[in-house]
Amino acid sequence: MSFFDGLTGLPNRALLQDRLRQALLNAQREDTQVAVLVLDLHDLARINELLGQQVGDQLIMAIAQRWQSVIRAGDTLSRRVSDEFAVVFANCPGACAAGELAQRMLDELSRPFDLNGHEVGMRACIGISLFPEDGHTPEQLLKNADVALNHARECGTGSYQFYREGMNQASMERLLIESSLRLALQRNEFLLHYQPQIELASGCVVGMEALVRWQHPGMGLVSPARFIPIAEENGQIVDIGLWVLRQACMQTKLWSDRGHSGLRVAVNVSARQFSQSSFAADVKEVLAETGLPPNQLELELTESLIMHRTERVILVMHELRDLGVTFSIDDFGTGYSSLAHLKRFPIDKLKIDQSFTRDIGSDEGGTAITRAVIALGQSLRLQVVAEGVETPEQKAFLTEHGCHGMQGYLFSKPLSAGEFGAFLDWCNDETKTLEWQI
């Protein structure tokens, strides 16, 4: 009981340490390598919740049997905690052999498990460290395999990663971001910037996209690319997204009251946020609190979001659209939406991803895609807005082909609320139609 897992009969964490220590002593004497694989099962908690703990336990035992069959008799498969396993691959021929073992173990999960009439699929991620390159003690090797596992999780389930120099620094930064995020809202460390959206036909500012920024007391201004994926993963994006929605609506109402009426603010919505059963009610509550007319709010969704749980997404979109809220598809062309499905959604606008806008005039493929998205939007009677417009040539191409709007550094970078308000005042004072002095 002190050295073996009660469910699977595999060595537990304590015996794993002892087996690894013995493997390292042998490797030092014989000048060979040892690989340590740490494996993390995905969705075990969800299976326990849906099918019950008994089915979850049967699944764990079935996985242990399959994995035991692909390792050698002299190697050790251990169950560290409920959904984590580890392998000591003694006398490992090299990194390639460790990678091949990891892939075989992932392949074993690709075949469904039949448990009491339930066909269950399973996925995992694997982190790998090697002796002597990545450490000389069991503690170092297990720690570095865990670091590699975290990077494998970021790459997506069904992948494995070897430990590399620099991973520890990235993992420490991630840990700092994750722990700091929990207090960022309480400490009022988030702020919004606003990037103007321009109507190409008139040159007028018709709206703006709200973009969240994080002013960390130690790390400075943290890019959304660094903290949003972590917030998505740990669920904090729900609270952050609600804060962004409330602040953007409140600020837009203030500008409207100052005479800048009719501006529409675009707010990005994450899949995790949209999947909350309270999402529609939250949006209605924010609109009521701030007094912003619903037709001045635009929610930006991704292609992958609308393709997931399609029927529920359509119901929620219609519920909000009936109020006057509009919807756009962000980064259109980078996802995998079906045009047959796309027409079923109450969408008002397509936003061309900046990667295609950037290719205008320099890459035939990107130029053709931009032209095609504009034509698609016109045929579906949707507005089309191009993101990332930076040159007069890009603007001229978009205007020539009938694109409705643009945003990008050619006209303005994202501005703080104060800067954007002053910018709106300047627009009203100087001219009704804005011209580019490029």
Side-chain angles (χ1 to χ4, degrees), residues 195-210 248 252 262-271 274 280 283 293-360 365-389 394-408 411:
Q195 186 166 38
Q197 294 182 340
I198 313 304
E199 184 179 65
L200 281 168
S202 67
C204 293
V205 179
V206 293
M208 56 279 176
E209 180 178 358
T252 304
L263 289 175
R264 178 177 289 153
V265 63
V267 178
N268 291 279
V269 178
S270 77
F274 196 93
V283 173
N295 63 0
Q296 289 184 247
L297 173 62
E298 175 184 309
L299 299 178
E300 291 194 2
L301 314 178
T302 62
E303 291 179 79
S304 57
L305 187 158
I306 66 172
M307 291 297 110
H308 179 64
R309 296 179 66 185
T310 303
E311 299 305 323
R312 182 187 177 276
V313 169
I314 291 175
L315 287 174
V316 173
M317 289 178 72
H318 275 295
E319 182 179 352
L320 293 174
R321 189 109 183 292
D322 289 343
L323 293 178
V325 175
T326 59
F327 290 91
S328 62
I329 303 300
D330 195 20
D331 301 336
F332 185 75
T334 61
Y336 45 85
S337 61
S338 160
L339 296 181
H341 281 78
L342 191 62
K343 66 182 182 182
R344 299 177 56 203
F345 295 91
I347 298 164
D348 304 275
K349 184 185 295 181
L350 301 179
K351 297 191 72 177
I352 302 173
D353 184 66
Q354 60 181 341
S355 62
F356 301 127
T357 306
R358 193 182 304 121
D359 288 339
I360 291 174
T367 302
I369 290 174
T370 301
R371 188 186 299 114
V373 173
I374 295 172
L376 174 65
Q378 291 171 340
S379 65
L380 294 176
R381 298 182 180 179
L382 302 176
Q383 294 280 309
V384 180
V385 172
E387 298 180 297
V389 179
Q394 293 167 352
K395 172 183 172 287
F397 176 91
L398 295 166
T399 303
E400 178 186 350
H401 289 84
C403 187
H404 300 95
M406 59 159 263
Q407 65 183 81
F411 188 72

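Fair warning: this is a prediction, and the values are worked out from it, not measured in the lab.
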(message) Which residue is it: L350, L200, V373? I am looking for the one with a side chain to side chain contact (heavy atoms under 4.5 Å, CB included) to C403.
(response) L200
(message) Can you confirm whether the side chains of E298 and S328 place a donor and an acceptor under 3.5 Å from each other?
(response) yes
(message) Is it the case that the side chains of Q195 and E209 hold a donor-acceptor pair, with the cut-off being a distance below 3.5 Å and no angle test?
(response) no
(message) On a heavy-atom basis, which atom in E300 and which in A266 lie closest, and how many Å separate them?
(response) OE2-CB, 3.4 Å
(request) Check V267 against A248 and note the closest heavy-atom contact, atom names and distance. (result) CG2-CB, 3.8 Å
(message) Walk me through whether D359 and T370 qualify under side-chain contact (heavy atoms from CB on, under 4.5 Å).
(response) CA-CA 9 Å; D359 288 339; T370 301; over 6 Å; no
(request) Given side-chain contact (heavy atoms from CB on, under 4.5 Å), test T252 with L297 step by step and report yes or no. (result) CA-CA 9 Å; T252 304; L297 173 62; over 6 Å; no
If you measure from [atom1] on [X] to [atom2] on [Y], what distance do you get to the nearest 0.5 Å?
X: L320; Y: T326; atom1: CG; atom2: OG1; result: 10.5 Å
X: R264; Y: M208; atom1: CZ; atom2: CE; result: 11.0 Å
X: I369; Y: I374; atom1: CD1; atom2: CD1; result: 12.0 Å
X: Q383; Y: Q378; atom1: CD; atom2: CD; result: 10.5 Å
X: T367; Y: R358; atom1: OG1; atom2: CZ; result: 12.5 Å
X: R321; Y: I347; atom1: CZ; atom2: CD1; result: 9.5 Å

Would a distance-only check, ignoring hydrogens and angles, find a side-chain to backbone donor-acceptor pair under 3.5 Å from [X] to [Y]?
X: Q407; Y: P196; value: no
X: T357; Y: V389; value: no
X: H404; Y: V385; value: no
X: T302; Y: D330; value: no

(message) E400 vs R371, test: salt bridge (Lys or Arg N to Asp or Glu O under 4.0 Å). Steps then yes/no.
(response) CA-CA 10 Å; E400 178 186 350; R371 188 186 299 114; over 6 Å; no
(message) Working note: M317 + L301, criterion side-chain contact (heavy atoms from CB on, under 4.5 Å); need CA distance, chi angles, decisive distance, verdict.
(response) CA-CA 10 Å; M317 289 178 72; L301 314 178; 4.0 Å; yes
(request) Output, in order, the C-alpha distance, side-chain angles, deciding distance and verdict of side-chain contact (heavy atoms from CB on, under 4.5 Å) for I198 and V206. (result) CA-CA 6 Å; I198 313 304; V206 293; over 6 Å; no
(request) May I ask you to test the V316-F274 pair for a side-chain heavy-atom distance under 4.5 Å? (result) yes
